[in-house]
Amino acid sequence: MEKKTFVPQGPRPRPNQGPRRNDRNAAKDPYNTNERIRAREVRLVGDNVEPGIYTIQEALRKAEELELDLIEISPTAEPPVCKILDYQKFLYQQKKRQKEQKAKATKVVVKEIRFGPQTDDHDYNFKLKHAIGFLQEGSKVKAYVFFKGRAILFKEQGEVLLLRFANDLEEYGKVEQMPVLEGKRMIIMISPKKK
């Protein structure tokens, strides 16, 4: 019996798919530039040009004269809005702007404080001081009473404890959510007061 050796015949054809594009930059670039802009007319805006509507050829010629790129800023507008800028500089400015916006966004920090249904006064006062500190630094406080085993019979005690806690923190924060029983936990949310 004669053995057949396998000889690869090159890449297999991919069924129901068109030709493979080797255009990696198209996927990476969020903006169409220069020849990738498909509109017939564009609205030019910016510092270094006379604002107005131009044919794509005129706009590309102006960008070439200035040795800059034609960048499609708003592709959904009619006609699309374009600027003549250095593309790399433009991308850098966009990233910088996004970073600044991210830094300005307020980050909400939630600190948890756990009680038992029969927490004594010393522990309660200790946890109250911590909660005051958290609220003063701008964090939200999620206080909860955890019921182990048959301690769930003391639901009323847990609710009274959380309401007393909210009342003691009244000048530092406001109650966002009244005590709610979720499984074995009764939870209350307190957010800091605006200064």
Side-chain angles (χ1 to χ4, degrees), residues 6-113 133-144 172-178 180 182-183 185 187-195:
F6 176 76
V7 180
Q9 299 293 322
R12 291 184 179 190
R14 297 178 306 139
N16 302 330
Q17 290 183 356
R20 183 176 282 168
R21 284 183 10 170
N22 195 12
D23 193 7
R24 290 186 184 148
N25 292 342
K28 276 195 266 183
D29 291 342
Y31 299 95
N32 286 333
T33 56
N34 301 327
E35 283 76 29
R36 290 193 10 225
I37 299 172
R38 297 282 168 234
R40 288 184 186 163
E41 289 184 328
V42 294
R43 180 181 303 275
L44 275 183
V45 294
D47 306 328
N48 46 9
V49 292
E50 182 68 35
I53 296 173
Y54 295 88
T55 64
I56 190 69
Q57 291 83 7
E58 287 175 327
L60 284 169
R61 189 174 39 76
K62 282 188 180 287
E64 205 172 293
E65 285 172 6
L66 295 167
E67 296 180 2
L68 295 170
D69 299 301
L70 182 67
I71 305 166
E72 192 175 40
I73 305 292
S74 178
T76 55
E78 200 50 55
V81 179
C82 294
K83 268 187 174 181
I84 295 178
L85 295 167
D86 178 14
Y87 188 55
Q88 295 306 317
K89 188 176 177 185
F90 172 73
L91 285 178
Y92 171 75
Q93 288 172 341
Q94 292 295 98
K95 281 182 186 170
K96 192 174 170 186
R97 193 174 297 135
Q98 286 173 349
K99 211 174 194 178
E100 286 171 3
Q101 286 175 344
K102 206 174 189 180
K104 285 180 188 174
T106 55
K107 295 173 182 77
V108 177
V109 179
V110 179
K111 302 281 189 172
E112 290 191 356
I113 295 182
F134 295 149
L135 289 170
Q136 285 176 336
E137 68 186 29
S139 302
K140 285 186 178 184
V141 173
K142 177 182 182 179
Y144 64 93
Y172 303 101
K174 62 179 188 291
V175 176
E176 203 172 90
Q177 174 190 324
M178 291 304 281
V180 176
E182 293 178 8
R185 290 176 168 193
I187 299 169
I188 191 168
M189 286 292 285
I190 301 166
S191 58
K193 282 190 173 172
K194 300 275 190 285
K195 291 173 183 171

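These numbers come from the heavy atoms of this one structure, side chains and all, not from hydrogens, waters or symmetry mates. Treat the numbers as computed from the prediction; the structure is a model and nothing was measured.
By the 4.5 Å heavy-atom criterion applied to side chains, K99 and K95 are not counted as neighbours. Considering only heavy atoms from C-beta on, E112 comes within 4.5 Å of Y144 through its side chain. Considering only heavy atoms from C-beta on, I187 stays 4.5 Å or farther from V180 through its side chain. A 4.5 Å side-chain heavy-atom check between L85 and D69 finds every atom pair outside the cut-off.
Listed by chain and residue number, Y31 satisfy the ring pair (Phe, Tyr, Trp, His ring centres under 6.0 Å) test with F90 (two or more places apart in sequence, or in another chain). Listed by chain and residue number, V109, F134, E137, S139 satisfy the side-chain contact (heavy atoms from CB on, under 4.5 Å) test with K111 (two or more places apart in sequence, or in another chain). Under the rule for a side-chain hydrogen bond (donor to acceptor under 3.5 Å, both in side chains), the partners of R97 that lie at least two apart in sequence or sit in another chain are Q94.
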With side-chain contact (heavy atoms from CB on, under 4.5 Å) as the criterion, how do L44 and L70 come out once you've worked through the C-alpha distance, each side chain's angles and the decisive distance to 0.1 Å? CA-CA 9 Å; L44 275 183; L70 182 67; 3.5 Å; yes
Should V42 and I56 be marked as a side-chain contact (heavy atoms from CB on, under 4.5 Å) after you check the CA-CA gap, both sets of side-chain angles, and the distance that decides it? CA-CA 6 Å; V42 294; I56 190 69; 4.0 Å; yes
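Distance check: C82 SG to I71 CD1 gives 9.0 Å after rounding to the nearest 0.5 Å.
L135 approaches P192 most closely through the heavy-atom pair O-CB, 3.4 Å. In this structure, E41 and P80 approach most closely via the heavy-atom pair O-CD, 3.5 Å. In terms of heavy-atom proximity, K142 sits nearest to V110 at CB-CG1, 3.8 Å. A pairwise comparison of heavy atoms in K174 and K193 identifies N-CG, 4.2 Å as the closest pair.
Atom CD of E65 has more than 12 heavy atoms from other residues, nucleotides or ligands within 6.0 Å.
The existence of a salt bridge linking E100 and K96 is excluded, since no basic side-chain nitrogen approaches an acidic carboxylate oxygen closer than 4.0 Å.
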